[in-house]
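Just below is one structure, and these are the notes that go with it.
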Amino acid sequence: MKGSLIQISRRVIRLPNILNGRLYFSHPSASSQPPNNKLFVAGLSWSVDEKSLNDAFSSFGQVTEVRIMYDKETGRSRGFGFVHFSKDDEASCAKDAMDGKAFLGRPLRVSFALEKVRGAPVVVPRLTGIGNGEINKTR
DNA sequence: GTTGAGCGTT
């Protein structure tokens, strides 16, 4: 059973989970991604296109981009896509409202998209002393 | 006429 959220005077308190006599505190980002303005929408029916997906999500905020992944060869939908909003709270509102909701006969699976990494996270440390058996030697 | 968990063609 998941923890409940109660709100007391503008402060959100997360109640612990009780399982097998032990207490568990579930972190908000444990089972979901940190909030973005981009939503990952899966569970789409094969016949859902970007226009119908836009119409379904545009009522929660300003949708800046809708993209459905299609198969490179057959051109058919892969059953998932992405919806970009102009703000995070709009995406969050749309997620809470549309997640698990049936759409064209199939339950939708909505979650925050993973952060698109632009550029390889290759870090080239310019440390002195590496390779000589001496790290940050000072004199 | 098919299939069903997932994180994306600039």
Side-chain angles (χ1 to χ4, degrees):
Chain A
M1 177 178 293
K2 305 190 66 175
S4 304
L5 288 178
I6 62 177
Q7 187 168 3
I8 300 177
S9 68
R10 304 181 63 82
R11 293 191 69 90
V12 176
I13 309 298
R14 180 172 291 271
L15 295 179
N17 301 321
I18 302 178
L19 180 63
N20 296 333
R22 295 176 182 269
L23 294 181
Y24 294 91
F25 288 86
S26 58
H27 195 269
S29 62
S31 59
S32 65
Q33 296 304 128
N36 284 35
N37 61 316
K38 298 175 283 288
L39 290 181
F40 169 70
V41 182
L44 294 173
S45 179
W46 314 118
S47 58
V48 174
D49 59 347
E50 296 180 344
K51 184 185 184 305
S52 59
L53 198 62
N54 189 311
D55 294 340
F57 281 82
S58 58
S59 61
F60 303 100
Q62 184 181 356
V63 177
T64 59
E65 183 179 3
V66 174
R67 210 144 71 185
I68 292 183
M69 292 311 154
Y70 294 98
D71 190 271
K72 195 90 63 178
E73 307 168 339
T74 65
R76 288 181 296 186
S77 171
R78 292 171 59 186
F80 72 96
F82 297 89
V83 178
H84 289 44
F85 283 89
S86 61
K87 290 186 298 184
D88 293 17
D89 57 301
E90 294 174 343
S92 181
C93 179
K95 180 184 107 62
D96 293 339
M98 295 298 291
D99 189 21
K101 196 156 184 265
F103 190 63
L104 266 58
R106 304 255 336 160
L108 243 48
R109 298 180 48 235
V110 184
S111 60
F112 292 107
L114 302 172
E115 198 54 47
K116 178 84 174 194
V117 179
R118 305 169 75 88
V122 179
V123 180
V124 182
R126 303 280 299 179
L127 299 180
T128 60
I130 302 296
N132 297 330
E134 302 174 1
I135 300 178
N136 294 336
K137 178 181 180 181
T138 58
R139 64 174 76 195

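The chains referred to below are lettered A, B, ... by the order of the sequence lines, with proteins before strands, and numbering in each begins at 1. Since the structure is predicted, the reported quantities are computational estimates derived from the model, not experimental observations.
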Exercise. Could you pick out which residue, A:Ile68 or A:Arg109, lies toward the 5' side of DNA chain B when each is mapped onto its nearest nucleotide?
Key: A:Arg109

Quiz item: Between A:Phe80 and A:Glu50, which has a closest nucleotide on DNA chain B that is more 5'?
Solution: A:Phe80

Quiz prompt | With sequence neighbours excluded, residues passing side-chain hydrogen bond (donor to acceptor under 3.5 Å, both in side chains) with A:Asp49 | solution = A:Ser52

Self-check item: Residue list, side-chain hydrogen bond (donor to acceptor under 3.5 Å, both in side chains) with A:Asn37, at least two apart or on another chain
Solution: none

Exercise. Sequence neighbours left out, what passes ring pair (Phe, Tyr, Trp, His ring centres under 6.0 Å) with A:Phe80? Give chain and number order.
Key: A:Phe40

Practice problem: Mind listing the residues from residues 100-107 of chain A sitting with a heavy atom below 4.0 Å of DNA chain B? Number order is fine. | Solution: A:Arg106

Practice problem: Any pair with a residue in residues 70-80 of chain A that passes side-chain hydrogen bond (donor to acceptor under 3.5 Å, both in side chains), sequence neighbours left out, goes on the list, sorted by first then second residue, please. | Solution: A:Asp71-A:Thr74

Quiz item: A:Met69 side chain: which of B:dG6, B:dC7, B:dT9 is closest?
Solution: B:dT9

Quiz prompt | Which nucleotide in B:dT9, B:dG6, B:dG8 has an atom nearest any side-chain atom of A:Lys72 | solution = B:dT9

Listed pairs under 3.5 Å, donor-acceptor, residues 54-61 of chain A side chains, sequence neighbours left out:
from	atom 1	to	atom 2	distance (Å)
A:Asp55	OD2	A:Lys51	NZ	3.2
A:Ser58	OG	A:Asn54	O	3.0

Practice problem: Describe the nucleic acid contact of A:Ser45 in one word from base, sugar-phosphate, nothing, applying a heavy-atom distance below 4.0 Å. | Solution: base

Practice problem: Indicate, with a heavy-atom threshold strictly under 4.0 Å, whether A:Leu44 touches base, sugar-phosphate, or nothing. | Solution: base

Tabulate protein N/O versus nucleotide N/O from nucleotides 1-3 of chain B, keeping only pairs under 3.5 Å, one per line.
none

Quiz item: Below 4.5 Å, heavy atoms only, C-beta onward: do A:Val41 and A:Phe82 meet side chain to side chain?
Solution: no

Exercise. Sequence neighbours left out, what passes side chain to side chain contact (heavy atoms under 4.5 Å, CB included) with A:Lys101? Give chain and number order.
Key: A:Met98

Practice problem: Identify the two heavy atoms, one from A:Asn36 and one from A:Phe112, that lie closest to each other, and give their separation to 0.1 Å. | Solution: N-CD2, 3.3 Å

Separation of atom [atom1] in [X] from atom [atom2] in [N], rounded to whole Å:
X        : N     : atom1 : atom2 : result
A:Glu73  : B:dT9 : CD    : P     : 14 Å
A:Leu114 : B:dA5 : CG    : C1'   : 14 Å
A:Arg78  : B:dA5 : CZ    : P     : 15 Å
A:His84  : B:dC7 : NE2   : P     : 16 Å

Quiz item: With sequence neighbours excluded, what pairs up with A:Glu50 under the salt bridge (Lys or Arg N to Asp or Glu O under 4.0 Å) test?
Solution: none

